Amino acid sequence: MTQEQALAYLKSGKNIFLTGSAGTGKTYVLNQFIQQLKDAKVNVAVTASTGVAATHIKGVTIHSWSGIGVKDELSSKDLSNLKKRKYIKDQFKKAKVLIIDEISMLHKKQLNAIDKVLCHCLDTNESFGGLQIVVCGDFFQLPPIGNRGERSSDKFAFMSTAWQNANFNVCYLTEQHRQNDNSLNLILNEIRSGTISQNSINLLKEASKTNFHEDALPTKLYTHNEDVDFINNTHLADLPSKSRFFKAKTEGDKSLITVLKKTVLAQDDMALRIGAKVMFVKNNPDKGFINGTLGELIGYSKLGLPIVKTLDNEKITVTPESWSIDDEKGSTLASYKQIPLRLAWAITVHKSQGMTLDAAELDLGRTFEKGQGYVALSRLRDIEKLKLLNFNTMSLQVDSLAMKADKRFQELDKEKIETTDFDELKQDSKEFIRKSGGRVLTKIIK
């Protein structure tokens, strides 16, 4: 399905599972949909399964929005207490659309709990309280964190009762916007199908010989935090220049600020030195960078702002950016303002999810989770900008249940394309906006 077709489905008010391989623009389509809902004055709850993912769509974690917190299951007492919390019940009543991004990392018990609390607080048996539910993600990427001994069928959201009852329409994006029709794209498709060829293995082994220019050293990706912290701190300390410190500024509700701090990839107190390898951690194409753009700190402006030279030799004076949590009217409830940079000699594979990297050096020798290798490799545009130090057997594996489910998702998507009258979807969109108390605008229905 194309992005345009998927957007038409999203606007129709139907429950949607938006999926596709890495680089097909799932987050882009979500953001388009969110903006169009806001333009039409339709209240939308924008959430994600993790804090990092939530920042990509300017939302909050689903755990925070739904009130379930860290719980996997809710007792009758838990449900009663949540219903008594006025702001929880009010935001449920106001919301017409619930979006959950990175659904692959949400445990099936948690999806069941979200469905349960919505139905209880809204006094209905309709799936997810009658809201349009849109889930987005790729089950070949990082899986939910489960208890020891849990099987994939015990964890994946698509195995939940709530998923089955939602009767999702599958929109499977197929157009590639990160990798072109190149060797890396072929390798990623082979990983997804579970049929890695010897030729692909040879290409990955050959990538160990990749050399980068001294002025354009790549970000190193590791599977463990301790490796990342050690490398970044060591490299920064080795630079001869003095550190300059940049402190984040926060405003608003303290509990929401705490949520923001956990989600933003920038640091509260950031130490930078001239010569530091840095990465932008926010999207701002108008200023010449996206989340994942790499560069080197080459100096400071007259106002003391960092000047970064990117790998494309663009010089960017980096001004503070804001991350915020807004209410349904667009008013800011909490904000976090900081220079949108982080040290980037190394980052974890987990934190790289959702990024597009200009170049990377990967060490997948200690991969401990199926999908980690796929996530890491899919951050890049082509194999020429990859240096792969080590990889183990697991790094090239994806979950067998995810593979089986993905084939079915593709079949369902194909059926939708063949049987859908997209002119009818436009009419459905108008009716949904009116039913939701919104305004039907020409630019929304097109």
Side-chain angles (χ1 to χ4, degrees), residues 1-3 5-6 9-10 14-30 48-50 53 100-108 111 133-146 150-164 166-179 181 184-197 200 349 353-354 367 369-379 393-420:
M1 192 173 286
T2 66
Q3 291 184 350
Q5 289 171 326
Y9 254 104
L10 286 164
K14 303 177 189 298
N15 291 344
I16 303 293
F17 170 40
L18 179 64
T19 188
S21 62
T24 51
K26 297 184 291 294
T27 300
Y28 172 79
V29 172
L30 267 192
S49 61
T50 69
I100 308 175
D101 196 12
E102 296 294 3
I103 190 64
S104 70
M105 298 179 74
L106 189 72
H107 199 287
K108 83 171 191 180
L111 190 63
I133 173 79
V134 174
V135 298
C136 177
D138 175 11
F139 285 98
F140 284 126
Q141 301 204 28
L142 297 177
I145 296 173
E150 276 191 329
R151 299 166 300 174
S152 298
S153 57
D154 300 322
K155 297 190 294 183
F156 281 133
F158 62 76
M159 297 298 291
S160 67
T161 302
W163 184 288
Q164 303 307 319
N167 192 27
F168 286 111
N169 293 269
V170 178
C171 295
Y172 199 114
L173 298 179
T174 53
E175 296 174 329
Q176 182 56 241
H177 296 274
R178 183 177 296 147
Q179 298 90 17
D181 200 11
L184 181 57
N185 193 33
L186 176 64
I187 292 169
L188 292 172
N189 286 334
E190 287 184 356
I191 292 175
R192 291 177 72 91
S193 65
T195 55
I196 291 287
S197 65
S200 291
V349 172
Q353 188 156 317
T367 300
E369 187 88 70
K370 289 180 180 178
Q372 278 185 321
Y374 177 80
V375 169
L377 290 169
S378 62
R379 298 310 93 205
T393 304
M394 184 171 286
S395 64
L396 301 182
Q397 291 181 5
V398 289
D399 188 273
S400 59
L401 179 58
M403 195 185 307
K404 183 178 179 181
D406 191 72
K407 288 179 181 177
R408 181 56 181 156
F409 294 147
Q410 291 185 57
E411 291 171 358
L412 291 170
D413 172 83
K414 186 177 180 181
E415 289 174 12
K416 286 294 176 193
I417 295 173
E418 292 174 349
T419 59
T420 296

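Owing to the predicted nature of the structure, the values given are computational and were not obtained by experimental measurement. Quick note: residue numbers are just sequence positions, from 1.
Not counting sequence neighbours, the partners of Lys14 by the salt bridge (Lys or Arg N to Asp or Glu O under 4.0 Å) test are Asp428. Qualifying ring-ring contact (aromatic ring centres under 6.0 Å, His included) partners for Phe156, counting only residues two or more places apart in sequence or in other chains: Phe139, Phe158. Residues passing the side chain to side chain donor-acceptor pair (under 3.5 Å) test with Asp399 are Ser152, sequence neighbours excluded.
Donor-acceptor pairing under 3.5 Å is lacking for the side chains of Ser21 and Thr24.
The structure places OG1 of Thr195 at 9.0 Å from CG of Asn189, a figure rounded to the nearest 0.5 Å. Rounding to the nearest 0.5 angstrom, the gap separating the CD1 atom in Ile187 from the CZ atom in Arg192 is 15.0 Å. Atom CZ of Phe17 is separated from atom CD1 of Ile133 by 12.0 Å, given to the nearest 0.5 angstrom. With values rounded to the nearest 0.5 angstrom, Ser200 atom OG is found 8.0 Å from Ile191 atom CD1. Within the model, atoms OG of Ser395 and NZ of Lys370 stand 12.5 Å from one another, a figure rounded to the nearest 0.5 Å. The structure places NZ of Lys155 at 6.5 Å from CD of Glu150, a figure rounded to the nearest 0.5 Å.
Inter-residue side-chain proximity for Met1 and Thr174 is flagged as unmet; no heavy-atom pair is nearer than 4.5 Å. The shortest distance between side-chain heavy atoms of Leu111 and Ile100 falls below 4.5 Å.
Considering Leu10, Asn15, Asn169 as possible partners of Val134, the one that fulfils the side chain to side chain contact (heavy atoms under 4.5 Å, CB included) test is Leu10.
With salt bridges taken as basic N to acidic carboxylate O contacts below 4.0 Å, none links Lys414 and Glu411. Classification of Lys416 and Asp413 as a salt-bridged pair fails, no side-chain N sitting under 4.0 Å from a carboxylate O. Electrostatic pairing of Lys108 and Asp154 does not count as a salt bridge here, judged by no charged N lying under 4.0 Å from a carboxylate O.
Using a distance-only test at 3.5 Å, with no hydrogens or angles considered, no donor-acceptor pair links the side chain of Gln410 to the main chain of Lys407. Side chain of Ser49 to backbone of Glu102: a donor-acceptor contact under 3.5 angstrom is found. Between the Arg379 side chain and the Val375 main chain, a donor and an acceptor come within less than 3.5 Å of each other. Although no hydrogens or angles enter the test, the distance criterion places a donor-acceptor pair under 3.5 Å between the side chain of Glu190 and the main chain of Ser197.
Closest approach of Ser104 and Asp138 over heavy atoms only: CB-O, 3.4 Å. Across Thr367 and Gln372, no two heavy atoms sit closer than the pair CG2-OE1, 3.4 Å. Pairing each heavy atom of Tyr374 with each of Phe140, the nearest pair is CD2-O, 3.9 Å. Between Ile16 and Cys171, the shortest heavy-atom distance links the atoms CG2-SG, 3.9 Å. Taking each heavy atom of Cys136 and Lys26 in turn, the nearest pair found is SG-CB, 3.6 Å. Of all heavy-atom pairs between Glu415 and Arg408, the closest is OE2-NH1, 3.9 Å.
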Problem - Test side chain to side chain contact (heavy atoms under 4.5 Å, CB included) applied to Leu18 and Val135, step by step - result: CA-CA 6 Å; Leu18 179 64; Val135 298; over 6 Å; no
Handout entry: Stepwise side chain to side chain contact (heavy atoms under 4.5 Å, CB included) test for Ile103 and Trp163
Key = CA-CA 11 Å; Ile103 190 64; Trp163 184 288; 4.0 Å; yes
Problem - Check against side chain to side chain contact (heavy atoms under 4.5 Å, CB included), Met159 and Leu401 - result: CA-CA 10 Å; Met159 297 298 291; Leu401 179 58; 4.2 Å; yes
